[in-house]
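One structure is given here, and the rest of the page talks about it.
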Amino acid sequence: MVNTTTAAGLIGVVLLARHGDRTAYYQDPATYNSTQAYITPLGEQQEFELGSFLRNIYLNPDSPSFIQNISTDVADINQLAVRADAGGGNVILNSAYALLQGLYPSTQESEITLANGTTVLSPLGGYQYVPVQSLEYWQSPSLTSWMDCEYFQSHLNRTYASSAWLNMSATAAPFLTALKPYLGSVSNNFTNMWNIYDHVNVQYTYNKTYYETLPPSFLQQARYYANWAQNSVFTDSTSASIGQVAIRTLLPEIFWALGNMTKTSNKVKMNIQEVDYKPFISLFNVTNATLTDPDISGIANYASVVALELSQDSQGQYEVSMKFKNGTEDSQFRQLEMFGNTSITFDKFVQVLDSTTINSTNNWCFSCNQTVLRGCSVYNYSSDPFLGGVGTGY
C-alpha cells in the first residue's frame, strides 16, 4: 500500500544501524583487525525489534516522520537501498536481514495469482525478500576503512602514547587489577580495553556462574573505560584527520543517497547502512553532536541507529536532521544537534563535511599510506611528480 499524502512527512532517510548481539570476538589493539563473530538469537531479536521501531516511525501514515509515498506493507525494492559489511563472520549481514524482517514483516498482501487462477504466497506466511548488498572486506574499504590503514595504526600509537591515555590508564589500573581474575587469558593492559569489556559483557550475558559471581559495578566500570578508550581511538583533533576514518569513507555514500532523494527521478526513499560501532563515534565527533550531548560519545549499544532525515521546508529548501536511538536502552529517538543546530540545509551539510571525505579506493590508499593491500597495488603514487610518493595522510 502506498500513502499519497505529501503535505507533511519526510522526503527520505539514511539510516546507520549497528548490528545486534553476537558471539565474542577479538580486535587487535595494534591494528583493530578482528576475528570472526556470529549473530545470536538475542541479536536477531534486537534487530527485528529495531526494524519494527523504524516501521512505526517511517512507514506509519499517522507518524509525523512518515516518508512520503513509500510503500508501507509490501516492500517496493526500488524504494530501498540496503548495504552491510559481509566480513568477519555473519553478524552484520544477518543483522540487516533481521532488521528488514521487522521493517517489512510477512504479509498476506504479497500473494499473487497465476494465469491458471492459482494463488501463491511466499514461504513463512508471506516473507518479504529485500535485497541486501553485502560488501566484502576485499571489495572496498568503505565500511571497514580502519583495517590495513597504516596511518590509522600510526594514530593508534600516538593515542597510546598521549598524556591523556597514560593518565586514564593509571586511573583504571586498580580496577583492571581487581578484574584480572575474571578475564581468563585476556590481557588486562589498558590498550586492550575493548577486548576486556567484550569478554566481560559476553560472559556476563551467557555464563550463569560468571553472571552470579562478577562483583557489582564491574561490568559498568569496564564499559566506562571501554567507552573512553574507543572514543579516543575513533576520533581525532580535526574532522579530516585519520582517527575519523570510520565515517570519512561512509560520508560519500550518505551525501549521494540524500542528494538523490532531492531529485524527482529518484525512487529510493530509505537507505540503510548496517555497520559496526565505530562510524557512530566518528560521526558524532565530526558533526559536533557530542558538544551538546556528551553522553553519546563512546560505544553505541547493539541495534542502535542513527537517522539522517531529509525534509523540505515551506520555502522548498532541503534540510537534514540527525536523530539517535541507543539500542534497546532508548524507547524513542532523541534529537541531536549538528554544528549547534537541530537541522541544517542539505547544501550546508555537504559543504561543511565534504573536505573530510575519502571518496574512492584510490583516495583511501593515499590517505592510509597503503600501497599493496585492498587493491592499492594498482595505484603507483611514486610515478606521480605532484604526489612525490605516498602522502602524509594523517
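Numbers here are sequence positions counted from 1. Keep in mind that what you see is a predicted model, and the values were worked out from it rather than measured.
- No chain of hydrophobic side-chain contacts below 4.5 Å, direct or via other Ile, Leu, Val, Met, Phe, Trp or Tyr residues, connects Y318 to V13.
- L179 is connected to L219 through a chain of hydrophobic side-chain contacts under 4.5 Å among Ile, Leu, Val, Met, Phe, Trp and Tyr, so both are in one cluster.
- Within the 3.5 Å criterion, the main-chain N or O of A81 finds no donor-acceptor partner in the side chain of Q133.
- Using a 4.5 Å cut-off on side-chain heavy atoms (C-beta onward), H199 and L183 make contact.
- Taking the ring centre of W364 as origin, the terminal cationic atom of R374 falls inside the region bounded by 6.0 Å and 45° from the ring axis.
- Of all the heavy atoms in T357 and N363, the pair that sits closest is O-OD1, 3.7 Å.
- Annotation: side chain of T118 is not in contact with side chain of T113 (no heavy-atom distance under 4.5 Å).
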>> Between Q244 and N285, does the side chain to side chain contact (heavy atoms under 4.5 Å, CB included) criterion hold? Intermediate values first, please.
In response: CA-CA 8 Å; Q244 320 271 23; N285 189 256; 2.6 Å; yes

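- For S122 and Q128, the side-chain atoms include no donor-acceptor pair closer than 3.5 Å.
- Rounding to the nearest 0.5 Å gives a distance of 11.5 Å between OG1 of T287 and CG of N341.
- Classified by interplanar angle (parallel below 30°, tilted 30° to 60°, perpendicular above 60°), the ring pair H155/F152 is tilted.
- Side chain of E136 to backbone of Q139: no donor-acceptor contact under 3.5 angstrom is found.
- Note: the hydrophobic cluster containing L308 also contains F324 (ILVMFWY, side chain heavy atoms under 4.5 Å, direct or indirect links).
- When every heavy atom of A240 is checked against every heavy atom of S355, the shortest pair comes out as CB-O, 4.1 Å.
- Note that CD of Q203 is 14.5 Å distant from NZ of K208, once rounded to the nearest 0.5 Å.
- Distance alone, capped at 3.5 Å, is enough to place a donor-acceptor pair between the S140 side chain and the S142 backbone.
- Note on ring orientation: taking the six-membered ring where Trp is involved, the planes of Y211 and Y204 are tilted (angle from 30° to 60°).
- Put simply, the side chain of T328 does not reach to within 4.5 Å of the side chain of L50, judged on heavy atoms.
- Tested against E253, the residues N271, N359, L258, V14 include a single side-chain contact (heavy atoms from CB on, under 4.5 Å) partner, N271.
- Residues Q36 and Y38 have side chains that bring a donor and an acceptor to within less than 3.5 angstrom of each other.
- The CG atom of L156 sits 8.0 Å away from atom OG1 of T31, with the distance rounded to the nearest 0.5 Å.
- No donor-acceptor pair under 3.5 Å is formed between the side chain of S304 and the backbone N or O of A300.
- Here the side chain of D293 pairs no donor or acceptor atom with the backbone of D295 at under 3.5 angstrom.
- Salt bridge status for R22 with D198: present, with a side-chain N to carboxylate O gap under 4.0 Å.
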>> side chain to side chain contact (heavy atoms under 4.5 Å, CB included) for Y127 and Y104? Distances and angles first, verdict last.
In response: CA-CA 9 Å; Y127 182 90; Y104 281 100; over 6 Å; no

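- Scanning both residues, K269 and N69, for their nearest heavy atoms gives CE-O, 3.7 Å.
- Using a cutoff of 4.0 Å between basic side-chain nitrogens and carboxylate oxygens, D76 and K267 are not scored as salt-bridged.
- Side chain to side chain, N301 and E329 meet the donor-acceptor criterion of an N or O pair below 3.5 Å.
- Here the CD-CD distance, from E49 to Q46, works out to 7.5 Å after rounding to the nearest 0.5 Å.
- In this structure, N326 contributes its side chain and D330 its backbone to no donor-acceptor pair below 3.5 Å.
- Residues F280 and Y197 are members of separate hydrophobic clusters, defined by side-chain heavy-atom contacts under 4.5 angstrom among Ile, Leu, Val, Met, Phe, Trp and Tyr.
- Proximity of V320 to M338: side-chain heavy atoms (C-beta onward) are separated by under 4.5 Å at one or more points.
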> Can you check side chain to side chain contact (heavy atoms under 4.5 Å, CB included) on L251 and T356, steps first, answer last?
Replying inline: CA-CA 8 Å; L251 283 173; T356 73; 3.2 Å; yes

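- Taking the centre of each ring, F255 and F346 stay at or above the 6.0 Å mark.
- For D313 (side chain) and Q315 (main-chain N/O), a donor-acceptor pair under 3.5 Å exists by modelled atom type.
- Ring centroid separation for the pair Y32 and F234 comes in under the 6.0 Å cut-off.
- Between E274 and R83 there is no salt bridge, since no side-chain nitrogen of the basic residue lies less than 4.0 Å from a carboxylate oxygen of the acidic one.
- Counting only N and O atoms by type, the side chains of T107 and S110 include no donor and acceptor under 3.5 Å apart.
- Rounding to the nearest 0.5 angstrom, the gap separating the OG1 atom in T262 from the CG atom in D347 is 8.5 Å.
- If you chain together hydrophobic residues whose side chains sit under 4.5 Å apart, L16 and I299 never meet in one group.
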>> Does L143 form a side chain to side chain contact (heavy atoms under 4.5 Å, CB included) with L135? I'd like the steps, not just the answer.
In response: CA-CA 8 Å; L143 300 181; L135 192 64; 3.7 Å; yes

> Could you go step by step and tell me if R55 and D73 meet the salt bridge (charged side-chain N to carboxylate O under 4.0 Å, His left out) rule?
Replying inline: CA-CA 10 Å; R55 175 176 175 78; D73 294 322; 2.9 Å; yes

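- Between the side chains of T249 and S145, at least one donor N or O lies within less than 3.5 Å of an accepting N or O.
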Identify every side-chain donor-acceptor pair in residues 91-98 under 3.5 Å, counting partners at least two apart or on other chains, and give the distances.
| from | atom 1 | to | atom 2 | distance (Å) |
| --- | --- | --- | --- | --- |
| S95 | OG | G20 | N | 3.0 |
| S95 | OG | V91 | O | 2.6 |

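- For the pair S65 and K323, the minimum side-chain heavy-atom distance is below 4.5 Å.
- Pairs engaging residues 132-238 under the disulfide (SG to SG under 2.5 Å) rule: C149-C368 [sequence neighbours left out].
- Side chain of T144 to backbone of M147: no donor-acceptor contact under 3.5 angstrom is found.
- Contact of the L310 side chain with the E319 side chain is not registered, since no non-hydrogen atoms from C-beta on lie closer than 4.5 Å.
- Screening residues 164-189 for side chain to side chain donor-acceptor pair (under 3.5 Å), with sequence neighbours left out, gives N189-T191.
- Aromatic ring pairs are classed by plane angle as parallel below 30°, tilted from 30° to 60° and perpendicular above 60°; the pair Y277 and W194 is parallel.
- The CG atom of L99 lies 11.5 Å from the CZ atom of F53; values are rounded to the nearest 0.5 Å.
- Formation of a donor-acceptor pair under 3.5 Å by the S52 side chain with backbone atoms of F48 is found in this model.
- Within the 4.5 Å cutoff, no side-chain heavy atoms of R18 are placed close to those of V275.
- Heavy-atom minimum distance, M193 versus A229: CB-CB, 4.1 Å.
- In this structure the side chain of L59 reaches within 4.5 angstrom of the side chain of I70, judged on heavy atoms.
- Under a cut-off of 6.0 angstrom, the local environment of OH in Y25 is crowded, with over 12 non-hydrogen atoms contributed by other residues, nucleotides or ligands.
- Remark: aromatic rings of F366 and Y379 are distant, center separation not under 6.0 Å.
- Side-chain N or O atoms of N207 include one that pairs as donor or acceptor with a backbone N or O of Y210 at under 3.5 Å.
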